[in-house]
Every structure is written in C-alpha cells, then in structure tokens.
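Inspection log for the structure reproduced underneath, given as structure tokens.
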Number of protein chains: 2
Amino acid sequence: MKKILIIEDDPAILIGLESALEEYELISSTEGADGLIKALDNSIDLIILDIMLPIMNGFDICKELRKKGLHTPIIMLTSKKEEADKVFGFETGADDYVTKPFSINELKMRIKALLRRAEMQTTSNDSDSYKFSNIIVEYKKLDAFRSGIALGLSAKEFQILKYFVEHESEVISRDKLLDDIWGYDNYPTTRTVDNYILSLRKKIEIDSSNPRHILTVHTVGYKFVK
Amino acid sequence: MKKILIIEDDPAILIGLESALEEYELISSTEGADGLIKALDNSIDLIILDIMLPIMNGFDICKELRKKGLHTPIIMLTSKKEEADKVFGFETGADDYVTKPFSINELKMRIKALLRRAEMQTTSNDSDSYKFSNIIVEYKKLDAFRSGIALGLSAKEFQILKYFVEHESEVISRDKLLDDIWGYDNYPTTRTVDNYILSLRKKIEIDSSNPRHILTVHTVGYKFVK
DNA sequence: AAAATCATGACAAAATCGTGACAACTCCGA
DNA sequence: TCGGAGTTGTCACGATTTTGTCATGATTTT
C-alpha cells in the first residue's frame, strides 16, 4: 500500500482528504517543521502539501526537501491559481498542484499519475537478461550464452558475473566481492577471487589473457565494462 | 535541447504551440499512425497528444505506446473536462492533461514539471562525478574520461587527481600531498610527487608540457584549476 | 563412487612504485 | 641583462607489490 504524507493545517480539509484517500496509507502533519521531518524520515511515496501553513510555508518546505535530495513526488494545494503559478515553476520542485476548492476526483487522478510515474522508475529495469558484446546473461537460466551456446558457468561464477553486470564500470574490490558474494560467515582469501576471475575470463572473454570486459584495476580490484 | 513531439491535427493549435514552445526542439505530426511511429523512433523527451484525431485517436496511441514499453511523459490535450477524466485514469498511461482552451503558461509549467521529473531518473545516479573542461572524473569507476574514453589512471594517480579537484584552485605543497595521500607511515621523497604530476599531466592535459589544469606554483607546490 | 565445484598455496608474470640523475626552467641579485 | 642557485620536468632503472596461472586437495553434488 502506497504511503502518502499530507501536510495541511486546516482540519476540515485534512478530514476530507483522509476519508477520500482511504485506499492509501496516510500520514499527516499539521505543521511545517514536523512535516519536513516526517517527509525525510519515512518511506513516503507521495506528499500532499498545502502552501498556506503557519510558521513554515509549503513553498519553503518544498524547496528544502529538494535541496536535501528528496525525489518524492509533491502535489501542492493552493487557494489561488496565481499562487499555483508561482510555486509550480521549475525552481520550486513541486510536481503538480490543485486549486482549492478542488475536485477530489481530479486530485485522485493526479496522485495516481504521479505514483505510476514514480513506480516506473523503480520497476522498469526488471528484465531477466543482460546483453553485452555478443553475450547474453540469462538470470533465470543461471548461465550466460555466446551467440546461443551456453558458456556453462558454475553457480559462483554466475553470481559473480551477475554482480559485475549489476555494477557496470564500477570498481569492485576483492573484499567487497567477498562480502557481497560469499557473505560474512565463510571468508576465503583474496586469492580465491583472482581464481574466479580467471575462470570467468576463460569463459566470457574471447582472449582471456587480454580481457575486454573484466578488467583489473591494480591495487584496487576489478571492474566490468560492456 | 529537449525534444517534444506534438501530435495534433488542428493547424491553428499546432501553430500556436510551435510559437509558444520555441525553447524546445519540436517535432510534429498531424496524424495518429505517423505520430506513433515518430514517438517510437526518435529520442523524444515528451509527447503532447491531442485526443481527437482522425483515424487513430489519442487514447489508443497512448495505450499503444505504453504497451510497447515507452516511458516518455505524455500530456493530453482535451476539449472537455469529462473527456480528460476518462483518459487520464491509471490504465491509459497519460501523465497529465490540459483542457482546451488551455493557458499556454500552464501547459509550459506542466511540461517543465514532467521533464524535470524525467530528468531526475537519468541524472540522479551520477552524483559522484566531477567535470572540468572536457574531462569527467568518475569516483566509482576510479578513472577519468575525456569525451567518453577512459584515460586509464592508476590508483595513485586517481587519488591525486581526486585530491586536486576537491581542493580546486588551492595551492598544495608537496609535503601536504605526501601527508594526505601517502600518509605518515611511508614517506617518499618530494621527487616522487613530481613524477606523479608528470604522469597525471600526460594523461589529462592536452599538451602536457604546457599544462592548463595542473599548474606548478614555483617554490610552493601545485594547484589545480578547472 | 564419480564428477563437478570450490578454496588454497606456490610461483611466474606484470604493473606500479619510488629513486636518482640530469636537463630545463625560474627567480633574484649583481 | 646575465649568471647562478635553487626548483621543477623528465627519463630510465630496479625494487616492491600485486596479479595471473596452475596444480592440488577438500568439499559438495550427482
């Protein structure tokens, strides 16, 4: 269930929203500073923010949140159309607004549209294969293929390759790999890593002594490039 | 410059949009099937889509695009509010709408908001890089790139370059660099520093014998400028 | 039990590191 | 303006560290 944070000081509107948005998990705040903390603390999916608030106004909250690097979609509640124009500009960071008195139906649709778009960001990358060069890594088959023929990766080799493609071009230290692949309970030597790199290279590189995909970064670790 | 595709059959509106949205690169289509192809072919950043179109209506185009896995933000143009309600629902895939006759200002703001949100997706993950001139220093990749091609910095070279960019325009003495990069346990000669400066210059400067970024400050040390 | 996989150590190969030598340059005073 | 002392640029070499690779035994899977 999606979490929505409502920052609104007018009890009448707050109650109205709460009954209209029963399909969501609602968190509310009637005051700016408190709302700001809640917006940062919880794993909120969307924020509904009134512009007119005592002490700290919605305009400032919005800017503050964006300054702190929060990407949560924000819908502003405003009383006047002109006011909306001011806050909805590029520089404030709000994603949408509705003007009071607003249609609950319209608000609901705008919420849906923003949630859907946010959702897409996180789930659009769930394909079950990864291509690079002439190789396809099939997550479900736990193996990789060069022009259709299986390379016959062992379980650990596959894990490592998957880890590498998921961290494309990042430098991975041997210790990081041991932590993330082997876990903390059994901890082989860093030499073990080199050996797996060797066998992986033999399988996925065309010339394993001159690797083009699994590169060594001397004194640091390895990195995978497409 | 962001690319916007406008799918609209009414020439009057099309001309109006084209003159209002001069800040964008515009591509237009007056017909559904053609618009659908253009939407898929080009690297469009946003689509403005009229609902009422001959032959294939905007509603269907929208659904078709989403079915094909296109995530481009879509703003619908509608004549009636009720019509908007129908297409703006969760199932069609539109992100926003404006009702004719619409305020150009409002449309512009809605475009901005959607583009900003889309932008965040692509740029939110490279916060750990530093640009200067035509070079990008990628912290996670432990390397720097000139127009995309890797410069192949060694670990120590990278450390030093990172140190320099983090202390932009500050004059750094050799001793300070030895302290901060090599640490207090092993302490090479100041000659060593010069050697690393040399190799760094060879990699990041266009003319290494006439450096523009890593400058020597005689009798004091070096300084990095953008 | 056989086969595959995994982990380790030994040694060779390679890359990087640090140094000294000397040339080129800069600054400053004569 | 010239020269000299000090500073920096540059190169090549050896030392050191890191990585590649293989053979071997342990462990797990089939």
Side-chain angles (χ1 to χ4, degrees), chain A residues 142-144 150-164 171-179 181-224, chain B residues 142-143 150-161 163-164 171-179 181-224:
Chain A
L142 298 178
D143 204 351
L151 299 180
L153 301 183
S154 79
K156 197 129 281 180
E157 286 165 357
F158 178 81
Q159 271 187 82
I160 294 169
L161 178 58
K162 186 182 173 200
Y163 188 89
F164 272 118
V171 177
I172 314 290
S173 72
R174 291 176 180 71
D175 283 333
K176 179 107 181 90
L177 211 58
L178 288 169
D179 286 352
I181 301 287
W182 276 263
Y184 294 95
D185 42 346
N186 63 335
Y187 210 90
T189 65
T190 56
R191 217 90 296 280
T192 301
V193 175
D194 294 346
N195 280 285
Y196 275 97
I197 296 295
L198 176 65
S199 54
L200 255 182
R201 279 175 174 163
K202 280 186 179 165
K203 287 175 181 171
I204 74 163
E205 300 282 3
I206 292 170
D207 175 8
S208 73
S209 61
N210 191 23
R212 292 170 50 85
H213 296 112
I214 300 180
L215 308 181
T216 117
V217 182
H218 205 264
T219 73
V220 189
Y222 296 95
K223 87 170 137 181
F224 169 83
Chain B
L142 247 57
D143 206 348
L151 299 181
L153 302 183
S154 81
K156 195 130 282 177
E157 286 165 358
F158 180 83
Q159 269 187 85
I160 294 169
L161 178 58
Y163 188 89
F164 272 119
V171 179
I172 312 292
S173 72
R174 291 176 180 69
D175 283 334
K176 179 106 180 93
L177 210 57
L178 288 169
D179 286 352
I181 301 286
W182 276 263
Y184 295 95
D185 40 348
N186 62 335
Y187 211 90
T189 64
T190 56
R191 214 91 298 279
T192 302
V193 175
D194 294 346
N195 277 288
Y196 276 97
I197 297 295
L198 174 65
S199 55
L200 254 183
R201 279 175 174 163
K202 279 187 180 165
K203 287 175 181 172
I204 74 164
E205 300 282 4
I206 292 171
D207 176 8
S208 72
S209 60
N210 190 24
R212 293 169 50 85
H213 295 113
I214 300 180
L215 309 180
T216 114
V217 182
H218 204 263
T219 73
V220 189
Y222 297 96
K223 88 169 144 181
F224 168 84

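Chain letters run A, B, ... following the sequence lines, proteins first, then strands; residues in each count from 1. Fair warning: this is a prediction, and the values are worked out from it, not measured in the lab. Side-chain atoms are counted along with the backbone in the values below, which use heavy atoms only and exclude waters and symmetry mates.
Within the nucleic acid shown, B/Thr192 comes within 4.0 Å of at least one base atom, counting heavy atoms only.
Residues passing the salt bridge (Lys or Arg N to Asp or Glu O under 4.0 Å) test with A/Arg174, sequence neighbours excluded: A/Asp194. Listed by chain and number, the residues in a ring pair (Phe, Tyr, Trp, His ring centres under 6.0 Å) with A/Phe224 are A/Phe132 (sequence neighbours excluded). Residues that satisfy the salt bridge (Lys or Arg N to Asp or Glu O under 4.0 Å) test with B/Lys176, not counting sequence neighbours, are B/Asp180. Residues satisfying the side-chain contact (heavy atoms from CB on, under 4.5 Å) test with B/Val217, not counting sequence neighbours, are B/Val171, B/Val220, B/Lys223.
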Hey, what are the protein-to-nucleotides 27-30 of chain D N/O distances that come in under 3.5 Å?
none

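For C/dT5, the OP1/OP2 oxygens have no side-chain nitrogen or oxygen of A/Ser154 closer than 4.0 Å. For C/dG18, the OP1/OP2 oxygens have a side-chain nitrogen or oxygen of B/Tyr196 closer than 4.0 Å. Within the 4.0 Å cut-off from OP1 or OP2 of C/dC6, not a single side-chain nitrogen or oxygen of A/Trp182 is found.
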Using a 3.5 Å cut-off and no angle test, enumerate the donor-acceptor pairs between side-chain atoms of residues 198-208 of chain A and protein atoms at least two apart in sequence or in another chain.
unit_1: A/Ser199; atom_1: OG; unit_2: A/Glu157; atom_2: OE2; d: 3.2
unit_1: A/Ser199; atom_1: OG; unit_2: A/Asn195; atom_2: O; d: 3.4
unit_1: A/Ser199; atom_1: OG; unit_2: A/Tyr196; atom_2: O; d: 3.0
unit_1: A/Arg201; atom_1: NE; unit_2: A/Ile214; atom_2: O; d: 3.1
unit_1: A/Arg201; atom_1: NH2; unit_2: A/Ile214; atom_2: O; d: 2.9
unit_1: A/Lys203; atom_1: NZ; unit_2: A/Gly152; atom_2: O; d: 3.0
unit_1: A/Lys203; atom_1: NZ; unit_2: A/Glu157; atom_2: OE1; d: 2.7
unit_1: A/Lys203; atom_1: NZ; unit_2: A/Glu157; atom_2: OE2; d: 3.3
unit_1: A/Glu205; atom_1: OE1; unit_2: A/Arg212; atom_2: N; d: 2.9
unit_1: A/Glu205; atom_1: OE1; unit_2: A/His213; atom_2: N; d: 3.4
unit_1: A/Glu205; atom_1: OE2; unit_2: A/Arg212; atom_2: N; d: 3.3
unit_1: A/Glu205; atom_1: OE2; unit_2: A/His213; atom_2: N; d: 2.8
unit_1: A/Glu205; atom_1: OE2; unit_2: A/Ile214; atom_2: N; d: 2.8
unit_1: A/Asp207; atom_1: OD1; unit_2: A/Ser209; atom_2: N; d: 3.2
unit_1: A/Asp207; atom_1: OD1; unit_2: A/Ser209; atom_2: OG; d: 2.9

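Residue B/Leu177 contributes atom CG, which lies 13 Å from atom P of D/dT8 at whole-angstrom precision. At whole-Å resolution of the value, CG in B/Leu215 and P in C/dT26 are 13 Å apart. Atom pair B/Asn210:CG and C/dT26:C1' shows a separation of 16 Å (rounding to whole Å applied).
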Seminar exercise, completed: Expected string for nucleotides 9-23 of chain D under the B/S/- scheme (protein heavy atoms, under 4.0 Å, primed atoms plus P, OP1, OP2 as sugar-phosphate) is BBB------SBBBB-
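Helix bend of the helix from C/dA1-D/dT30 to C/dA30-D/dT1: the angle between its two end axes, each built from five pairs, comes to 30° after rounding to 10°.
Shown here for B/Leu142 and B/Phe158, the closest heavy-atom pair between the two residues is C-CD1, 3.4 Å. Between A/Leu177 and A/Ile172, the shortest heavy-atom contact is CD1-CG2, 3.8 Å.
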